[in-house]
Amino acid sequence: MSFGSGSARSSKSPSLKILPALTGCVVATCAICGACRHEDPVGVAGIKTKGMPTMTTKNVMTIISDSGIPQYKLVCPLWLVYDNVDTPKWVLPGGPYLEKFDEKMRTIFTVACDSAVNNRLTGQWILTGNVEFKENPGLLILTQQLIWDQREQLVYSDSFIHIEQPDKIIEGYGFEGHTSASGKLSSYILHRPTAVLPYDQSKISGSDGTAIPAGVDPAALDPTMIPPGMMPAGR
């Protein structure tokens with residue numbers, strides 16, 4: 001019994017000495033933590049995420065489906081998705097390539113440009129910089145900006161536009177075209193044409209299918225001024 005009571009007395013005394021020391025450590029720790037919070041005002045809670053992309057993907061090659069049916073192939077070096085903004089959007093800098101399919105996975109048209117923005121609320125694409133729209137068969141549109149409204153089935157541009165068809169080349173400003181349900185360009189209007197140049201692509205074409213306008217004598221052209229593939233077939 002004397003061993004037990006002696007043990008109890010010996011255990012009480014050290015604990016009384018340790019308690020003030022621990023109390024001092026806690027106070028010091030709180031002071032240090034308080035100082036850290038005061039000197040570092042930037043924390044996770046202070047980061048503003050509203051204007052930041054919710055997804056960033058590099059080197060993209062993906063198939064976009066609607067109700068499980070493949071609609072488009074998208075290839076781009078960078079794909080930024082902004083969902084936490086007033087107008088959700090996709091931003092595709094650096095040269096996106098878009099390919100539209102029909103129900104049998106055949107290509108209807110392709111679009112390439114320097115950059116693109118897709119408004120997720122309206123379904124509108126804004127294509128900017130060296131826009132190239134190709135539709136099979138035989139339609140090529142080149143411009144610096146093209147707006148494609150998927151819901152309204154409308155394509156339009158105020159920029160200078162160059163249009164190639166199997167029988168003519170048209171250039172001008174104020175382009176407006178309507179697309180069918182499948183996405184094909186069914187009709188278009190050029191409000192301010194600056195040039196209409198007829199030619200027969202089936203009769204005069206280069207090895208790569210690039211046409212020389214009818215009425216131009218290739219023999220009279222300076223060969224150094226003719227781009228590769230522009231010489232008529234057979235030369």
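Side chains included, hydrogens not; waters and symmetry mates left out as well; all remaining heavy atoms used.
- The side-chain hydrogen bond (donor to acceptor under 3.5 Å, both in side chains) contacts involving residues 105-117 comprise E99-T107, D102-R106, D114-N130, where partners must be two or more places apart or lie in separate chains.
- Here the closest heavy-atom approach between residue T128 and residue C113 is recorded as O-CB, 3.8 Å.
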Please step through side-chain contact (heavy atoms from CB on, under 4.5 Å) for the pair E176 and L154, ending with a clear verdict. CA-CA 7 Å; E176 182 177 325; L154 184 66; 3.7 Å; yes

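- For the side-chain contact (heavy atoms from CB on, under 4.5 Å) test, residues two or more places apart in sequence or in another chain that qualify with R192 are Y173.
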Could you go through the side-chain contact (heavy atoms from CB on, under 4.5 Å) check for I161 and L190 one step at a time? CA-CA 9 Å; I161 196 160; L190 196 59; 3.4 Å; yes

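- Hydrophobic cluster of L140: the remaining members, joined at side-chain heavy-atom separations below 4.5 Å, are L142, listed by chain and number.
- Rounding to the nearest 0.5 angstrom, the gap separating the CG atom in L146 from the CG atom in D158 is 11.0 Å.
- Residues I108 and L127 are members of one and the same hydrophobic cluster, defined by side-chain heavy-atom contacts under 4.5 angstrom among Ile, Leu, Val, Met, Phe, Trp and Tyr.
- With sequence neighbours left out, the side-chain contact (heavy atoms from CB on, under 4.5 Å) criterion links S187 to H178.
- When side chains are defined from C-beta on, T87 counts as touching N119, because their heavy atoms get closer than 4.5 Å.
- Considering only residues two or more places apart in sequence or on other chains, Y188 meets the ring-ring contact (aromatic ring centres under 6.0 Å, His included) condition with F175.
- Hydrophobic clustering (side-chain heavy atoms under 4.5 Å, transitive across Ile, Leu, Val, Met, Phe, Trp, Tyr) keeps L139 apart from F101.
- Listed by first and then second residue, the salt bridge (charged side-chain N to carboxylate O under 4.0 Å, His left out) pairs involving residues 131-151 are E132-K134, E135-K184 (not counting sequence neighbours).
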Applying side-chain contact (heavy atoms from CB on, under 4.5 Å), run through Q145 and T143 and close with a yes or a no. CA-CA 6 Å; Q145 186 178 66; T143 185; 5.5 Å; no

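- Under a hydrophobic clustering in which Ile, Leu, Val, Met, Phe, Trp and Tyr are joined whenever their side-chain heavy atoms come within less than 4.5 Å, directly or via other members, I170 and F109 fall into the same cluster.
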Side-chain donor-acceptor pairs of residues 55-83 under 3.5 Å, sequence neighbours excluded:
residue : atom : partner : partner atom : Å
Q71     : OE1  : K100    : NZ           : 2.7
Y72     : OH   : Q150    : NE2          : 2.9
D83     : OD2  : T54     : OG1          : 3.4

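- Cluster membership for Y156 and V111, using ILVMFWY side-chain heavy atoms within less than 4.5 angstrom, is not shared.
- Under the salt bridge (charged side-chain N to carboxylate O under 4.0 Å, His left out) criterion, K89 pairs with no residue at all, not counting sequence neighbours.
- Counting heavy atoms from C-beta outward, V117 and L92 have side chains that stay 4.5 Å or more apart.
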Test side-chain contact (heavy atoms from CB on, under 4.5 Å) on I126 and W148; report intermediate values, then the result. CA-CA 7 Å; I126 301 177; W148 173 30; over 6 Å; no

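- With sequence neighbours excluded, the residues that form a side-chain contact (heavy atoms from CB on, under 4.5 Å) with T179 are Q153, V155, L185.
- Take S186 and apply the side chain to side chain donor-acceptor pair (under 3.5 Å) test, not counting sequence neighbours, and it matches no residue.
- Partners of H191 according to the side chain to side chain donor-acceptor pair (under 3.5 Å) rule, which considers only residues two or more places apart in sequence or in another chain, do not exist here.
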